[in-house]
Amino acid sequence: MATNKVPDVFGRLQRRHGELMAAAEAVGQAARRAGPLDERQIQLIQLAAAAAIRSEGAVHSHTRRALAAGASPEEIRHALIVLVSTIGFPCVVAATSWADDVLEAKSPPG
């Protein structure tokens with residue numbers, strides 16, 4: 001699975017339901033502006049939520065977004081590891097493997 005680009009489903013949704021997609025984006029932007037958290041913190045929280053609901057695509061997306069917002073790979077992995085007592089070891093292992101799909105694709109070989 002390609003993890004370095006937005007999945008095609010989002011492009012299709014945008015073409016088919018542009019107004020709905022714009023509204024969803026506006027809600028997300030309003031939520032970001034509603035408090036003191038910075039974008040890095042927001043993305044780490046959303047990454048944790050994605051792991052909790054076992055959404056591989058959302059873990060990929062929020063891993064990319066967290067990196068873009070300045071989170072380090074270590075911070076991303078730690079954000080997932082601390083979930084072990086909340087969502088359980090199997091969910092954390094799955095989410096970590098999905099995050100690694102993105103993190104390892106960004107790392108130089110060797």
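All figures in this text were calculated on a predicted structure; none of them were measured in a lab.
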Any chance you could lay out the side chain to side chain contact (heavy atoms under 4.5 Å, CB included) test for D101 and E56, step after step, and finish with the verdict?
-> CA-CA 10 Å; D101 290 343; E56 181 178 359; 4.0 Å; yes
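- For Q29, the CD atom sits in a packed shell: over 12 heavy atoms of surrounding residues, nucleotides or ligands are nearer than 6.0 Å.
- Linking Ile, Leu, Val, Met, Phe, Trp and Tyr whenever their side-chain heavy atoms come within less than 4.5 Å leaves V82 and L103 in two separate clusters.
- Residues L37, I42 make up the rest of the hydrophobic cluster containing I45, defined by ILVMFWY side-chain heavy atoms closer than 4.5 Å, directly or through other members.
- For R15, the side-chain contact (heavy atoms from CB on, under 4.5 Å) partners at least two apart in sequence or on another chain are R12.
- S55 is linked by a side-chain contact (heavy atoms from CB on, under 4.5 Å) to I53, A58, counting only residues two or more places apart in sequence or in another chain.
- The two residues A51 and V59 come nearest to each other via the heavy atoms N-CG2, 3.8 Å.
- Between atom CZ of residue R40 and atom CG of residue L67 there is a gap of 11.5 Å, rounded to the nearest 0.5 Å.
- The structure places NE2 of H62 at 13.5 Å from CH2 of W98, a figure rounded to the nearest 0.5 Å.
- Note that the CG atom of L80 and the CG atom of L47 stand 4.5 Å from one another [nearest 0.5 Å].
- Qualifying salt bridge (charged side-chain N to carboxylate O under 4.0 Å, His left out) partners for E25, counting only residues two or more places apart in sequence or in other chains: none.
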Given side chain to side chain contact (heavy atoms under 4.5 Å, CB included), test D100 with R77 step by step and report yes or no.
-> CA-CA 9 Å; D100 281 344; R77 289 183 177 110; 2.8 Å; yes
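- Note: Q14 CD to D8 CG = 13.5 Å, rounded to the nearest 0.5 Å.
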In a table with atom names and distances, give each donor-acceptor pair under 3.5 Å that connects a side chain of residues 83-96 to protein atoms at least two apart or in another chain.
residue: T96; atom: OG1; partner: V92; partner atom: O; Å: 2.8

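- Taking L13 as the reference, V9, H17, M21 meet the side-chain contact (heavy atoms from CB on, under 4.5 Å) condition, with sequence neighbours excluded.
- The two residues E75 and G70 come nearest to each other via the heavy atoms OE1-O, 4.1 Å.
- Remark: R65 does not engage E39 in a salt bridge, criterion side-chain N to carboxylate O under 4.0 Å.
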